[in-house]
Protein chains: 2
Amino acid sequence: MTYRIDRLGTLLQDASRRLWGRFEHRTADYGLSAAQWRLMGHLLREGPMTQIALAALLDVEPISVSRLTDRMEQQGWLRREAHPEDRRARIVVATAKACEVAPTVRALVDGLYDQALSGLSDEERRVLHRALLKITENLQAAEAQPSSSETPK
Amino acid sequence: MTYRIDRLGTLLQDASRRLWGRFEHRTADYGLSAAQWRLMGHLLREGPMTQIALAALLDVEPISVSRLTDRMEQQGWLRREAHPEDRRARIVVATAKACEVAPTVRALVDGLYDQALSGLSDEERRVLHRALLKITENLQAAEAQPSSSETPK
DNA sequence: TATTGTTATACTCTATAACTATA
DNA sequence: TATAGTTATAGAGTATAACAATA
C-alpha cells in the first residue's frame, strides 16, 4: 500500500464534471438539469416513492428534493400524488412525458459511457467500477464514525 | 469491450462529492470552500499566474475566478499584483498565510486519500488512476470534436 | 481588433431555521 | 414527540452580456 494517487480529488471531480457536462450538453433540448435527471433516474429505476426516500437516495436534504420536484412538476415531468396511508406524505410519480423520453436518454447515456471508457479494457473497467464503489463505501463509513482528528458533537 | 459500467455517472459523482464533502468538513476551520481550495492548490503547485491561466486550469470561466479570488483576497489568502509586462493582466499570488496552512492541509488530504483508498491494492490504485485520466482525456477529446449526434455551430 | 478582467444580473443547487399538518 | 413537507432566506458556484482598459 505504498501507492498514493496524487490529486485523487481533482481527478475524480474532473472526470465527474466532464461526464455530467457532456450529459447536460446533449440533453439540453429536454429542459432538465443534471440534478433533475439524477432524480428522474432514481424515480424510473426504483418506481414511485416519497420525497424523503428520494432525498435518501440522492443524499441531499428533503428541502432540496422539494425544490427539484417543484420545477419538475411545473414542467410536467412528474406528479406528486397523495400517499394512500399517510396524509403527510406525497408519492412522486414520473409522468408519461418522462417515460417516453427515458429510453432516448438512456441510449444517450450508454453512448456517453462508451465514449468515456474508450480505450479501457474490460478488466480495467471492472477495477474502476469496484474502486469507485469502494471509495464511496470507505468515505461513508468515515462519515458514520469520525476519526480522532475530528470533533464529534 | 463488452463491460459497460452501469451508472458510471452516479458512481463518479458520489465518490467525488463524498471526498470533497469530507475535505470541506475537515478544513471547515480554515474558512475556505472546496472550490477555493481547489484554486489555491493550483496556485501553490504551479506558482503565481494570471486569472486567465487559473480559469484554464480550473476549467471555468474567467468571471468565476474573479468571484473566487475576490473573496479569497478579502480574507487574506492571496493577492492580485500588477503584471510587469501586461498592464491589463494581474498576477495572483498566494500569501504567507496560505503558505503556512498549506502543509497542514496537504497532510490532511493525504490522510483522506489513504482513507478513501483503503482496501484497494497498489495495482488497483494504478488502474483507477489511469482510468480516471483516460475518462477525462476521452471526454476532452469529445468536446473538441463533437459527435454526429450533436449540432456544432 | 483581440484580450484581460470587471460589474451587473440571474440561474441552479444546496442548506439552516422555523413552520404546518399529520402521525 | 416525531415525521413529511413546506416557506423564507441565504450562500456558493457558475454563467451571459456589456463594458473598461490595454495590447
Side-chain angles (χ1 to χ4, degrees), chain A residues 13-14 16-18 20-21 23-25 27-28 30-40 42 48-75 77-93 153, chain B residues 13-14 16-18 20-21 23-25 27-28 30-40 42 48-75 77-93 153:
Chain A
Q13 194 178 41
D14 280 356
S16 177
R17 282 179 62 216
R18 274 185 202 281
W20 281 99
F23 173 77
E24 207 154 21
H25 181 251
T27 57
Y30 298 117
L32 282 180
S33 71
Q36 291 170 336
W37 276 117
R38 200 168 144 245
L39 187 153
M40 182 57 77
H42 283 293
M49 68 185 91
T50 65
Q51 296 185 193
I52 292 291
L54 272 171
L57 281 178
L58 294 168
D59 195 27
V60 297
E61 297 300 316
I63 179 62
S64 300
V65 174
S66 220
R67 286 289 134 77
L68 286 171
T69 48
D70 266 1
R71 273 179 291 222
M72 294 172 78
E73 188 170 31
Q74 278 170 17
Q75 293 165 24
W77 294 103
L78 50 80
R79 285 191 311 278
R80 283 183 279 198
E81 302 183 347
H83 192 294
E85 288 157 20
D86 186 340
R87 294 204 307 191
R88 296 170 306 179
R90 306 167 78 172
I91 307 286
V92 182
V93 185
K153 276 178 194 166
Chain B
Q13 195 179 38
D14 280 356
S16 177
R17 282 178 62 215
R18 276 185 200 279
W20 281 99
F23 173 76
E24 207 154 21
H25 181 250
T27 58
Y30 298 117
L32 281 181
S33 70
Q36 291 171 335
W37 275 118
R38 199 167 147 246
L39 187 153
M40 183 57 76
H42 283 294
M49 68 185 90
T50 64
Q51 296 186 190
I52 291 292
L54 273 171
L57 281 178
L58 295 168
D59 195 28
V60 297
E61 298 300 315
I63 181 62
S64 299
V65 174
S66 219
R67 286 289 135 76
L68 285 170
T69 48
D70 266 1
R71 272 178 291 217
M72 294 171 77
E73 189 170 31
Q74 279 171 15
Q75 293 165 23
W77 295 102
L78 50 80
R79 284 190 313 278
R80 283 183 278 197
E81 303 183 347
H83 192 294
E85 289 158 17
D86 185 340
R87 293 204 305 190
R88 294 169 310 177
R90 306 165 79 174
I91 306 287
V92 182
V93 185
K153 278 178 189 163

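Model, not experiment: these values are computed from the prediction. Values below: every heavy atom of this structure, side chains too, minus hydrogens, waters and symmetry copies. Residue numbers start from 1 in every chain, and the chains themselves are labelled A, B, ... in the order their sequence lines are given, proteins ahead of strands.
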Expected rows: protein N/O vs nucleotides 21-23 of chain D N/O, under 3.5 Å:
{"residue": "D:dA23", "atom": "OP1", "partner": "B:Arg87", "partner atom": "N", "Å": "2.9"}

Close N or O pairs between protein and nucleotides 16-18 of chain C (under 3.5 Å):
none

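Scanning all heavy atoms of the two residues, the minimum distance from B:Tyr30 to B:Trp77 falls at O-CZ2, 3.0 Å.
Rounded to whole angstrom, the span from the CD atom of A:Gln13 across to the P atom of D:dA12 amounts to 17 Å. Atom NE2 in B:His25 sits roughly 15 Å away from atom C1' in C:dA15 (whole-Å rounding). Nucleotide C:dT6 holds its C1' atom 9 Å from the CG atom of B:Asp70, rounded to whole Å. For the pair B:Leu68 CG and D:dA15 P, the computed distance is 11 Å after rounding to whole Å. At whole-Å resolution of the value, CZ in A:Arg90 and P in D:dT3 are 20 Å apart. Atom C1' of nucleotide D:dT14 and atom CZ of A:Arg18 are separated by 16 Å, given to the nearest angstrom. In this structure, A:Leu32 places its CG atom 16 Å from C1' of C:dC11, rounding to the nearest Å. Here D:dG13 presents its P atom at 13 Å from CH2 of B:Trp37, a figure rounded to the nearest Å.
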Quiz prompt | Stepwise side-chain contact (heavy atoms from CB on, under 4.5 Å) check, A:Met40 with A:Leu68 | solution = CA-CA 10 Å; A:Met40 182 57 77; A:Leu68 286 171; over 6 Å; no

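Checking side-chain atoms of B:Glu24 against main-chain N and O of B:Ala34 turns up a donor-acceptor pair under 3.5 Å. In this structure, the side chain of A:Thr27 engages the main chain of A:Phe23 through a donor-acceptor pair within 3.5 Å. Distance alone, capped at 3.5 Å, places no donor-acceptor pair between the B:Gln74 side chain and the B:Arg71 backbone. With hydrogens and angles disregarded, no donor-acceptor distance shorter than 3.5 Å links the side chain of B:Arg67 to the backbone of B:Pro62.
At a non-hydrogen distance threshold of 4.0 Å, B:Val60 from residues 49-60 of chain B come into contact with DNA chain D.
For D:dG5, the OP1/OP2 oxygens have no side-chain nitrogen or oxygen of A:Ser66 closer than 4.0 Å.
Test B:Glu81, B:Arg79, B:Arg80 against B:Arg90 for side-chain contact (heavy atoms from CB on, under 4.5 Å) and you get one pass: B:Arg80.
Here A:Asp59 does not pair with A:Arg38 in a salt bridge; the nearest charged N to carboxylate O distance is not below 4.0 Å.
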